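Here the structure is laid out as structure tokens; the discussion comes afterwards.
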Amino acid sequence: MSMTMQRTLGTCYYPEHWPEEMWKEDASRMSKAGLTWVRIGEFAWSKLEPKPGELDFGWLDRAMDVLQKADLQVVLGTPTATPPRWMLDKHPDMLAVDASGNPRKFGSRRHYCFSHPGYREESKRITKLLAERYGKRVAAWQTDNEYGCHDTVISYSEPARFAFQQWLKEQYGTVKALNKAWGNVFWSMEYDDFSQIELPNLTVTEPNPAHSHAFRRFSSDQVVTFNRIQADEIRLHSSAPISHNYMGRITDFDHFDVGNDLDFATWDSYPLGFLEDRVGASPEQQRAYAKQGDPDFQAFHHDLYRTVGQGRWWVMEQQPGPVNWAPYNPAPLPGMVRLWSWEAFAHGAETVNYFRWRQASFAQEQMHSGLLRPDNQDAPAMAEVIKVAQELKDAPAVEPPFAQVALVFDYKADWAWSVQPHGLDLSYFDLVFSYYKALRRNGLTVDIIAPNHKDFSQYKLTLVPGLIHFPSSLKKELGQLNSLIIYGPRTGARDKDFNITPPLPPSLPNIDVKVSYVESLRPDSPLELSNGGSVIAYTESLEGIAPIFLETKSKKTIAVKENNIIYCGSWLDDDGLDKLMSIACTEAKIPTQHMPEGVRVTQTRAEEFWFNYSQKEVETKYGSISPAGILRHAV
Ligand code: GAL
């Protein structure tokens, strides 16, 4: 990332939705508002190719002329999330199939299976045509749109079954080796040939977890390949950087793997929709933050996608007002659109793009706000966007946060937890997020890192919760560290084929501890810790010589510590985690500060930012911050 890169703003625009006469005025209003980027094209396939092979790029040429004349830089999306209707006549078996065996039909979007060879060719073909024509004109690319949106990574189609069998052959070589690795002797599940292996749906009871987990790995690899085909094609004709717009809490494919083929990451941030739909907040939290969003959920993804983008990332779609898709869709508290934008910049974003320019007056998203109302008047967010654009004029250049704490996140672990959770609602994402939230309640800035991370020299504390399959490369890296490491429950609990690792997990370097058995707990049966907080949901019985670090009031060992390693084999509630983090940070000599309710802080090497997500005026050591307020100062 260039240290002199300016923070910028943009919007998502659909010229194909509006009469051509409106484009010029739209472009000039964007530019007057201080926007410098515009993303277009990602759903426009039926307009670009109305009939198979009959191309119409004229309108897109003209739209780009108009936008570029207004000094807007264009991000062009490949339109592969919305194959036109005629595509199905060409490839009737291209639809994804759900777990009950039903095709997911035409009539909305993302109606394709990642494994369909014919559709992969079509996606390559349209990408090539766009890259040849616009490769030298556009400033950046987006592949497809939101892989995984609407649960579309996993498909039980025939093409997926065939591709899965090929994938298994590559992974295991012989069916005998597969039988052994999966433990297929159990329930006489042995196969004689790869061609007998079905996808793991519609079985009488749960399929072999090794089978399910392999299918999750395969499904992720299909997304990676689909994306790579487009990225490779674009690179043949364009040197503009390539991205994809990822989502909040979508873990069905390995974003680090997709990110390795791209130049930067982007993600789509809808804080109010997320709070209602996927944060997992209590009803009280939902009520208290309905108009602001969860104080940690956006930041978590900013920190995650910074790593997915290898340091370079944007918000490609920022919520500007009420959305249409959550159970309830309130309007943001005045000031929140500005706060969300600045929070992204505090976490190192280069650009924040608002979704969308003008609210649609037709089709599915009529109830989704934009920067303009359908009658072309400014919507409430516009004034906040203009304010951010003005503030950016004399703000420092793009700068990543400076973190002394690292938190490992692994997509494969998420699949493993969901394949065999062992307790209702036990989720890896929730576990990692609970660690993140505890760090932030203690005023810390955090890097979320991938399991193949190498350089830990900047970190005084590394957290590894729930990493079920603990790759040997990471084990080696962490085994050499002198700084403090906290391993959380289920770390190292299974090998990559979902078997318990002998002699017993977690087999960690520099600490003598074994998990003798595990239990999941009823929500009404927490175990109280001796000095505050409780164990909830899940607990392990620990043995070994490592000294006790945390225990319950009834003397059950919860965490042990030996050398620089803490192993915590239970799921802790917020109070328990706060306690764990504050003891650990004192030991690691990391200064902490207890944050007021709803207030969060992020540090870069140049600035410190305080954000008030609460609905109350809050006093801080730097003065008071109003609701939705931001406090920014140089460090
Ligand atoms: C995103 C998607 C956009 C739009 C938006 C509405 O998930 O990429 O196309 O549908 O949601 O909030």
Side-chain angles (χ1 to χ4, degrees), residues 10-18 37-47 75-83 107-112 140-153 223 227 230 243-253 255 258 262 265-279 291 293-294 297-298 301 305 313-332 336-337 340-341 344 351-374 379 381 385:
T11 190
C12 306
Y13 185 52
Y14 299 92
E16 71 276 22
H17 293 182
W18 312 106
W37 287 94
V38 60
R39 184 197 63 178
I40 57 173
E42 82 278 12
F43 299 128
W45 200 336
S46 71
K47 282 277 165 250
V75 184
L76 183 60
T78 63
T80 47
T82 50
S108 62
R109 61 177 171 184
R110 299 213 58 76
H111 40 279
Y112 70 85
W141 291 91
Q142 173 184 299
T143 55
D144 201 281
N145 189 80
E146 293 190 339
Y147 296 134
C149 188
H150 318 303
D151 289 328
T152 46
V153 168
V223 178
N227 180 72
Q230 291 200 5
S243 68
H244 175 75
N245 57 334
Y246 307 103
M247 302 177 69
R249 200 181 179 150
I250 292 291
T251 52
D252 285 343
F253 64 94
H255 293 47
V258 168
L262 300 175
T266 74
W267 83 286
D268 298 344
S269 181
Y270 291 94
L272 305 190
F274 293 150
L275 182 74
E276 286 288 340
D277 196 51
R278 64 192 74 166
V279 168
K291 288 175 151 302
D294 182 86
F297 196 77
Q298 289 68 251
H301 290 86
Y305 292 133
W313 75 277
W314 299 12
V315 172
M316 189 60 95
E317 298 179 13
Q318 173 63 63
Q319 172 168 5
V323 299
N324 60 316
W325 46 263
Y328 303 99
N329 297 292
M336 284 314 293
V337 173
W340 296 327
S341 310
T351 300
V352 174
N353 272 343
Y354 301 92
F355 181 93
R356 51 186 278 157
W357 174 243
R358 184 185 298 103
Q359 181 177 345
S361 49
F362 47 85
Q364 277 92 331
E365 294 182 346
Q366 295 176 48
M367 301 188 99
H368 194 296
S369 55
L371 296 184
L372 298 188
R373 309 187 316 200
V385 170

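Owing to the predicted nature of the structure, the values given are computational and were not obtained by experimental measurement. Order of appearance sets the numbers: ligands from 1, and atoms from 1 within every ligand.
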Exercise for review: For K47, look at atom NZ and say whether over 12 heavy atoms of other residues, nucleotides or ligands are found less than 6.0 Å away.
Suggested key: no
Side chains of [X] and [Y], heavy atoms from C-beta outward: is any pair under 4.5 Å?
X    : Y    : result
Q364 : R109 : no
Y354 : V337 : yes
S243 : M316 : yes
R110 : Y147 : yes

Point to revise | Close N or O approach (R109, ligand 1; < 3.5 Å) | key: yes
Enumerated ligand 1 atoms positioned under 4.0 Å from heavy atoms of [X]:
X    : value
E146 : 1 (C), 2 (C), 7 (O), 8 (O)
N145 : 2 (C), 8 (O)
F43  : 9 (O)
D268 : 8 (O)
H368 : 6 (C), 12 (O)

Check your understanding: Taking R39 for the side chain and N353 for the main chain, is one N or O donor matched with an acceptor at less than 3.5 Å?
Key -> no
Practice item. Report the part of R110 in contact with ligand 1, treating N, CA, C, O as backbone and CB onward as side chain, heavy atoms under 4.0 Å; options are side chain, backbone, both, neither. Key: neither
Check your understanding: If you measure from each non-hydrogen atom of R356 to ligand 1, which part falls under 4.0 Å: side chain, backbone, both or neither?
Key -> neither
Point to revise | Ring centres under 6.0 angstrom apart (W313, Y305) | key: no
Protein contact to [atom] [nearest heavy atom, distance to 0.1 Å]:
atom                    : result
atom 3 (C) of ligand 1  : E317 OE1, 3.3 Å
atom 5 (C) of ligand 1  : Y270 OH, 3.3 Å
atom 10 (O) of ligand 1 : E365 OE2, 2.3 Å

Review point. So, Y112 and T80: side-chain donor and acceptor under 3.5 Å apart, yes or no?
Key: no
